[in-house]
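For reference, the structure discussed in these notes is given below.
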Amino acid sequence: MDYQQFLFTITAGLQSACQAEEKITVQTIEQKHTAKIKTVSLYHRGKRTTPWIYMAPFYRLYQHGYSMESIQKELKNVLDMVTENNKVEGEIFTNFECAAAFLSVRLISYQKNKEFLSLVPYRRILDLAIIYQLVFEGTDTTMGAAVVYQDHCRIWEVTEDILFQTAIASMIRRFPPSLNSVEALIGLPELPVQSDFPHLFALTNSKAFFGASVIMYPGILRTAAKKLGGAYYILPSSMHEVLLLAKDKDTDPSQLKEIVEEVNLTDAVSTDFLSNHVYEYDSDEDTVTIVV
């Protein structure tokens, strides 16, 4: 299927999923420093925002074997979320100034996403990878995210380093860190710092939405060390949170790894999988390493 056929098929599928007052159209936009680009837009009668989505990245997904159904579903979710958010301008996918306030990072498994990573800007952290996304908040408690592809960087004329710095600053402002003891989360008194029992904390963001990426916030791991009384292990619960366990001479990291693997097999949603490894934060060196 060539690009024009792809556009026709995807817009027809999107239109069939739309309400009567919604209309899907293909627009050609001429950028200042790039060639003309094809976008899909959603017009909703009575809504202020008419979002445009640059289609080339989605065609590359199709070329890499992603189903039309999954691509159509992602497009519709993003279009709906942008339309519902009154703070989002329609040019968000073609204008970096519009996009910057919505940028965020997401931690994913490097090994399990090698093919996907060939399509997006990313940076590798141990056995993980940081990718970029635009995060939208709906009118209630709903959240939505649209992945940033390499094509977006070319349109925006930005480097991966600019993406990283901008995304982290945006996340700290919109989604501050949330660090709570497991005792507090289940309504029990929090253990004192000097305790015979190891401290276990959950680290995420204020929305618990792709909250594992909070470990990239400047200074957050050192702040956590003060609450846990020093060095600690990091257990990758999912893409939405990590667990921090105070390091103890009686704790066997290999046993922790077995727990992480078991949780990933039984409880974690496959798309939320992060890693089967256990990490250690060294509070003296301010570094994270893979223990096992």
Side-chain angles (χ1 to χ4, degrees), residues 1-19 22-27 37-44 51-85 88 90 92-94 99 102-122 128-138 142-155 207 209-213 238-240 264-265 267-275:
M1 186 185 301
D2 65 21
Y3 191 37
Q4 291 302 321
Q5 291 173 318
F6 172 80
L7 288 175
F8 176 81
T9 303
I10 209 76
T11 52
L14 285 171
Q15 188 63 63
S16 66
C18 285
Q19 302 173 23
E22 296 177 325
K23 184 178 181 181
I24 297 289
T25 60
V26 176
Q27 295 185 354
I37 61 174
K38 293 287 187 181
T39 67
V40 163
S41 65
L42 171 64
Y43 171 75
H44 190 298
W52 308 334
I53 296 184
Y54 180 36
M55 291 304 297
F58 294 94
Y59 183 57
R60 297 189 203 287
L61 289 179
Y62 168 75
Q63 291 177 313
H64 278 73
Y66 287 74
S67 69
M68 291 293 287
E69 182 182 4
S70 64
I71 295 172
Q72 179 181 312
K73 182 178 179 181
E74 180 178 350
L75 278 167
K76 186 64 168 67
N77 287 341
V78 173
L79 286 167
D80 287 343
M81 194 63 64
V82 176
T83 303
E84 287 297 320
N85 193 316
V88 179
I92 189 170
F93 296 101
T94 54
F102 299 92
L103 270 175
S104 176
V105 302
R106 182 198 306 182
L107 278 180
I108 63 174
S109 166
Y110 175 81
Q111 292 295 332
K112 287 186 174 292
N113 294 280
K114 282 187 175 181
E115 184 176 0
F116 170 71
L117 289 171
S118 68
L119 302 172
V120 301
Y122 75 94
L128 307 173
I130 293 173
I131 65 170
Y132 302 92
Q133 58 188 6
L134 298 169
V135 173
F136 312 110
E137 297 177 73
T142 58
M143 303 282 289
V147 172
V148 172
Y149 292 92
Q150 290 176 354
D151 297 274
H152 292 124
C153 291
R154 285 191 281 271
I155 294 296
K207 297 289 187 178
F209 188 70
F210 297 119
S213 57
S238 75
M239 288 194 292
H240 300 293
N264 282 334
L265 282 174
D267 294 340
V269 178
S270 59
T271 54
D272 290 345
F273 172 83
L274 198 56
S275 174

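Every heavy atom of this structure was used, including side-chain atoms; hydrogens, water molecules and symmetry mates were not. Values in this document were obtained by computation on a predicted structure and should not be read as measured data. The first residue of the sequence shown is numbered 1, and numbering continues consecutively from there.
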Using side-chain contact (heavy atoms from CB on, under 4.5 Å) as the criterion, list what pairs up with S104, not counting sequence neighbours. Q133, V135, M171
Partners passing side-chain contact (heavy atoms from CB on, under 4.5 Å) against Y66 (at least two apart in sequence or in another chain): L61, H64, S70, I71, F116
Tell me, with the steps shown, if C18 and K76 meet side-chain contact (heavy atoms from CB on, under 4.5 Å). CA-CA 9 Å; C18 285; K76 186 64 168 67; 3.7 Å; yes
Should [X] and [Y] count as side-chain neighbours, where that means a heavy-atom distance under 4.5 Å?
X    : Y    : result
L107 : I130 : yes
M239 : S109 : no
D151 : R60  : yes
I108 : L117 : yes

Between H240 and F209 (side chain of the first, backbone of the second, donor and acceptor by atom type, cut-off under 3.5 Å), is there such a pair? no
So L75 and F58, side-chain contact (heavy atoms from CB on, under 4.5 Å) or not? Walk me through it. CA-CA 9 Å; L75 278 167; F58 294 94; 3.7 Å; yes
State which residue, out of V105, I131, L128, fulfils the side-chain contact (heavy atoms from CB on, under 4.5 Å) condition with S213. V105
Residues that Y122 engages under ring-ring contact (aromatic ring centres under 6.0 Å, His included), provided they are two or more places apart: none
Residue list, ring-ring contact (aromatic ring centres under 6.0 Å, His included) with Y62, at least two apart or on another chain: F6
Can you pull out every side chain to side chain donor-acceptor pair (under 3.5 Å) where at least one residue sits in residues 1-17? Sequence neighbours excluded, please. none
Who passes salt bridge (Lys or Arg N to Asp or Glu O under 4.0 Å) against K207, sequence neighbours left out? E137
Minimum-distance pair of heavy atoms, taken over all atoms of Q150 and P121: N-CD, 3.6 Å
Please report the interatomic distance CG(L14) to CD(Q72), rounded to the nearest 0.5 Å. 5.0 Å
Distance in Å, H152 NE2 paired with L134 CG, rounded so as to fall on 0.5 Å steps: 7.5 Å
